[in-house]
Amino acid sequence: MTQPFAGKVAAVTGAARGIGDAIAVGLLREGAKVFSLDLGEPDEPRDGVTYLKADVADPASVAGAFGQIDREAGQIDVLVNNAGVQRVALAENMTPEDWHLVLNTHLTGMHLCCAQAIRRMRARGKGGAIVSIASAAGIVGIQGRGPYGAAKAGIEGLTRVYATETAAANIRVNAVAPGSTRTKLIEQGLKDGTIRGEWQVERIPMGRLAEPREIAEPVIYLASDKASYITGQTLVVDGGWTVQGMVHIADWLNVS
Ligand SMILES: NC(=O)c1ccc[n+]([C@@H]2O[C@H](COP(=O)([O-])OP(=O)(O)OC[C@H]3O[C@@H](n4cnc5c(N)ncnc54)[C@H](O)[C@@H]3O)[C@@H](O)[C@H]2O)c1
């Protein structure tokens, strides 16, 4: 059976670990040639992924990485904007440096990579797909997550704008908004007590965090031809977290 991404080239930012690594693994399985654009070295390098050192917030670094993809693959069909950082502080304590770091990485990074990918997809005339990782934290307000919530909400807005700009060229632009996902970092936080697992899980109707693979699969779906008429959308993948209203209402009302 032909693999759905056979002959396609995908760039995944932040694929050295976590959700990005799961996306790279899934795209490889489906037959894509995969490039990772990451600041860091891969935790567990995957055979078949080309790991490029790149800073998505730096225009010259992004241009350099796409130039390398041109030289090594000669085309780009799929872009996944996944690279991310987190800085947590209340508004009055958030430093300008942290504010800019988070906005630049998530939102400017998405813009810079989209600009490079769209230019090439348009010129080649064979369409393309872009999927960006937003967050449940861009849909609801979470204390201490000012720049992160703003950047993630911004990713949804930019997704809609770029979808309209590129639809006529058959370039689809969508986003996936994950809830809490059991990456190594979250695992570590749960272990050392810096993340309170029970608080998170209590609010999730499905009663558990997502596995990275459960975020990767919807990303791969949106990047695939199966989603050929979907553009400008954000798919929320959060086990029902953002649709939960009152957590204990059923107990209170004695509903069974
Ligand atoms: N883990 C979760 O619970 C969760 C929930 C919702 C959304 N997300 C989002 O999913 C994405 C991946 O998250 P994760 O949990 O796998 O994070 P992670 O920290 O494990 O991985 C992020 C990767 O991005 C890379 N990166 C950071 N800044 C970069 C830059 N400027 N240029 C290039 N690469 C850079 C890091 O080196 C790292 O490899 C992020 O956008 C994050 O905001 C995560």
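Remember, it's 1-based here, ligands and their atoms both numbered in the order they're listed. One is the number of the first residue; the rest follow in order along the sequence. For the numbers below, each heavy atom of this structure counts, side chains included, while hydrogens, waters and symmetry mates do not.
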Which residue and non-hydrogen atom of the protein lie closest to [atom], and at what distance in Å?
atom                    : result
atom 37 (O) of ligand 1 : Asp38 OD1, 2.6 Å
atom 8 (N) of ligand 1  : Tyr148 OH, 3.5 Å
atom 22 (C) of ligand 1 : Gly84 O, 3.8 Å

Considering both backbone and side-chain atoms of [X], is one of its nitrogen or oxygen atoms within less than 3.5 Å of a nitrogen or oxygen in ligand 1?
X      : answer
Gly18  : no
Ile133 : no
Lys152 : yes

ILVMFWY cluster membership beyond Leu27 - transitive side-chain contacts under 4.5 angstrom: Phe5, Val12, Ile19, Ile23, Leu28, Val34, Val49, Tyr51, Val78, Val80, Val131, Ile133, Val176, Ile215, Val219, Ile220, Tyr221, Leu222, Ile230, Leu235, Val237
Candidates Ile130, Val62, Thr108 - the one meeting side-chain contact (heavy atoms from CB on, under 4.5 Å) with Cys113: Val62
Atom pair CD/CE of Gln75 and Met121 - distance to nearest 0.5 Å: 10.0 Å
Nearest-option assignment for atom 44 (C) of ligand 1, heavy atoms, candidates Ile19, Thr181, Ile186: Ile19
Shortest reach to atom 30 (C) of ligand 1 by a heavy atom, considering only Asn82, Ile23, Leu39: Leu39
Heavy-atom gap Asp55 to ligand 1 smaller than 4.0 Å: yes
Non-hydrogen protein atom less than 4.0 angstrom from atom 1 (N) of ligand 1: yes
Steps toward side chain to side chain donor-acceptor pair (under 3.5 Å) verdict (Asn81, Ser132): CA-CA 4 Å; Asn81 293 301; Ser132 304; 3.0 Å; yes
Ala54, portion touching ligand 1 at heavy-atom distance under 4.0 Å: backbone
Salt-bridge criterion met for Lys53 and Asp38 (N-O under 4.0 Å): no
